[in-house]
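Following: one structure in structure tokens, then a few remarks.
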Amino acid sequence: MLQVKAGQVEKMGLLFERYHRPLFAFFYHSSANATASEDLVQNVFYRMLKYRHTFTGEGEFRTWMYHLARNVLADAARKNKASLHHQDVADWAEKIAGGPSADGSLQQAQDLALLQRAMARLSPDQREVLVLSRLQELKYEQIAQLLNTTVGAVKVRAHRALCHLKDVYFKLENGSKVREL
Amino acid sequence: MEAKFVNCEGVQEELMDWLAGTLPPARRQTLEAHLAECPGCQQELAAVQRLWTTMGQLPVPEPSEQLRPTFYAMLADFQTAEQRRQRWSVARILERIRAWWQPAYGLRLAYSVALLVVGLVAGYGLKGRPDTTGMGAGQPVAAAEPAAAGPEAQPTQEVLALLSNPSAVQRLRAVSYAEEVAPTNERVVAALLSTLNQDPNVNVRLASLEVLAGLSHDPVVRQGLVRSLPRQDSPLVQSALADVMVRLQERRSVRPLRKLLQQDNLNEQVKDKIEQSIETLSGDQAPPPSTSSTNHETRTLT
């Protein structure tokens, strides 16, 4: 990124190859909308170019990247709340249940679908901290830097989010069982 | 029981690190030891871990084929835009620099600088002149001190400057000011005499005559007054001067007065006046032994 900052804009391609998937996943987990997520990924890379002078090289590149990604997400959420936020969860769960990634096991596919629904019910903040720590595999130190808070606070937030997710998850699980009966 | 409770709390605290696999081995052992004897925690952790693992398996669809080409198109656009902006700005700067060196601009620049210099010089010169009078005007108190010889130079300068002022009012002021501050200064006297002889304004001449008449104890002033007689052409000044001559009993003035009488365009009244004056003066001077009584009479009359 420092090379990009120094004017070698073409080096941006390297960064794209390395990070567009994690970024896409980040947006996908946050919005459950593949098309919108692609636009957001594009937006992040555009901002990287535009605001490359703000990258000091002191922190990690990934932290900076997620900083931009969070801003992009927040802007998008502000712009069209309705279309972006998990409005088609049922459709989504169905897709996963029948998708090739469910590797044969119906039970696991159901679990995943349930988890998706549970995740969708978390507040954006809670979902974000889980996505960053579990799915983007950022260290708590990095998340703390990103969210401008302490490591302890991040752990507490993640723990609470996980507990909440667990509650929601089992409630949904019970609900679906009741429906099945 | 209480120890176990605290330990269960501890499990909660370390849960996130445990899940992330960042818990130090010693602490992990303690935690797992606790789990072995606490079914509640065991169950809790199992559920959370299952959730955590499932989360890791959450599928993410492949981004579409569009993403990559769109990105590279954007990058290319950005690069060209950037280059254009740089080229544009560099070209602009170069053009401006070149424009400065073009002869037309050079001439204009030189002309502007020359005008500026002229303006500065003129401004400086103009500023210098009123300064002397302005500064002197604040000094009359100091000048009024007769003992102080030093500060006298200042009002003298001022009087001289004022006497050459184009405004008659200012010159009148200068004459009275001269009487006030430096009547004995020979330069001032000379200036007053030349004012009497040459000033275009009758009133100014009359005023300076008045002042000079008061200084008649000075022989230079007396002589100057006598010499001034033939130079006057205004009937007012002529008669006033004749009066002063009579008052001063200046016999040397008889001859110039007679000369004055020979002028053709002399005012009738002035003629009478001068004749009277000559009579008085020469009568006074004429045979002193024979007409001493009349002489006496005339003197008292005047």
Side-chain angles (χ1 to χ4, degrees), chain A residues 7 9-10 12-13 16-17 20-29 34-35 37-39 41-43 45-46 49-50 95-96 99-103 108-109 111-112 114-116 118-119 129-131 133-135 137-141 152 154-159 161-163 165-166 169-170, chain B residues 8-24 27-28 31 40-87 89-90:
Chain A
V9 178
E10 65 280 357
M12 204 67 205
F16 174 80
E17 295 303 339
H20 78 273
R21 275 163 203 277
L23 270 179
F24 178 75
F26 170 75
F27 288 125
Y28 186 74
H29 285 304
T35 320
S37 296
E38 283 188 19
D39 289 346
V41 169
Q42 193 75 0
N43 207 334
F45 281 106
Y46 176 72
L49 285 171
K50 197 176 170 189
K95 248 192 291 179
I96 293 157
S101 60
D103 69 343
Q108 203 191 357
D111 284 353
L112 284 170
L114 212 57
L115 183 60
Q116 298 273 26
M119 292 267 298
V129 74
L130 288 178
V131 165
S133 63
R134 180 68 186 108
L135 299 168
E137 295 181 331
L138 255 65
K139 294 196 183 78
Y140 291 124
E141 287 78 12
V154 171
K155 282 183 191 169
V156 168
R157 196 188 286 188
H159 184 237
L162 194 58
C163 286
L165 181 68
K166 192 187 69 186
Y169 181 84
F170 287 113
Chain B
C8 289
E9 278 283 289
V11 170
Q12 292 298 319
E13 272 171 26
E14 305 201 313
L15 179 65
M16 295 318 293
D17 277 325
W18 182 68
L19 285 172
T22 53
L23 202 62
R27 303 249 297 275
R28 215 181 74 204
L31 187 119
C41 283
Q42 216 174 9
Q43 212 181 340
E44 168 89 14
L45 241 70
V48 170
Q49 198 181 11
R50 191 182 130 212
L51 210 57
W52 191 255
T53 316
T54 317
M55 250 166 80
Q57 291 166 350
L58 278 176
V60 177
E62 274 292 298
S64 76
E65 293 294 309
Q66 285 300 309
L67 184 56
R68 199 183 304 269
T70 320
F71 165 77
Y72 282 105
M74 185 270 285
L75 184 59
D77 277 357
F78 189 88
Q79 273 174 307
T80 46
E82 189 88 332
Q83 279 169 4
R84 201 181 314 135
R85 196 163 54 210
Q86 277 175 0
R87 208 176 329 150
S89 59
V90 168

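Chain identifiers are assigned alphabetically (A, B, ...) following the order of the sequence lines, protein sequences preceding nucleic acid strands; residue numbering begins at 1 within each chain.
- Atom CE of Met55(B) is separated from atom CD of Gln116(A) by 10.5 Å, given to the nearest 0.5 angstrom.
- The CZ atom of Phe71(B) lies 14.0 Å from the CD atom of Glu38(A); values are rounded to the nearest 0.5 Å.
- Between atom CG of residue Leu51(B) and atom CZ of residue Phe170(A) there is a gap of 6.5 Å, rounded to the nearest 0.5 Å.
- With a threshold of 4.5 angstrom between heavy atoms, Tyr169(A) approaches chain B through side-chain atoms but not through N, CA, C or O.
- Within a 6.0 Å sphere centred on CD of Glu17(A), heavy atoms belonging to other residues, nucleotides or ligands number more than 12.
- Lys166(A) and Val48(B) get closest at one heavy-atom pair: CD-CG2, 3.8 Å.
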Checking side chain to side chain contact (heavy atoms under 4.5 Å, CB included) for the pair Tyr140(A)/Asp17(B): CA distance, chi angles, key distance, verdict?
CA-CA 9 Å; Tyr140(A) 291 124; Asp17(B) 277 325; 3.7 Å; yes

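- Using bins of under 30°, 30° to 60° and over 60° for the plane-to-plane angle, the ring pair Tyr46(A)/Phe78(B) lands in the perpendicular bin.
- Taking each heavy atom of Ser133(A) and Trp52(B) in turn, the nearest pair found is OG-CH2, 3.9 Å.
- The distance from atom CZ of Arg134(A) to atom CG of Leu19(B), rounded to the nearest 0.5 Å, is 8.5 Å.
- Among Glu44(B), Arg68(B), Gln79(B), the residue with the largest count of heavy-atom pairs under 4.5 Å with chain A is Arg68(B).
- Listed here is the closest heavy atom pair of Thr54(B) and Leu115(A): C-CD2, 3.6 Å.
- Of the two parts of Leu15(B), only the side chain, counted from C-beta on, holds a non-hydrogen atom closer than 4.5 Å to a non-hydrogen atom of chain A.
- Distance check, rounded to the nearest 0.5 Å: CE of Met16(B) to NZ of Lys155(A) gives 9.5 Å.
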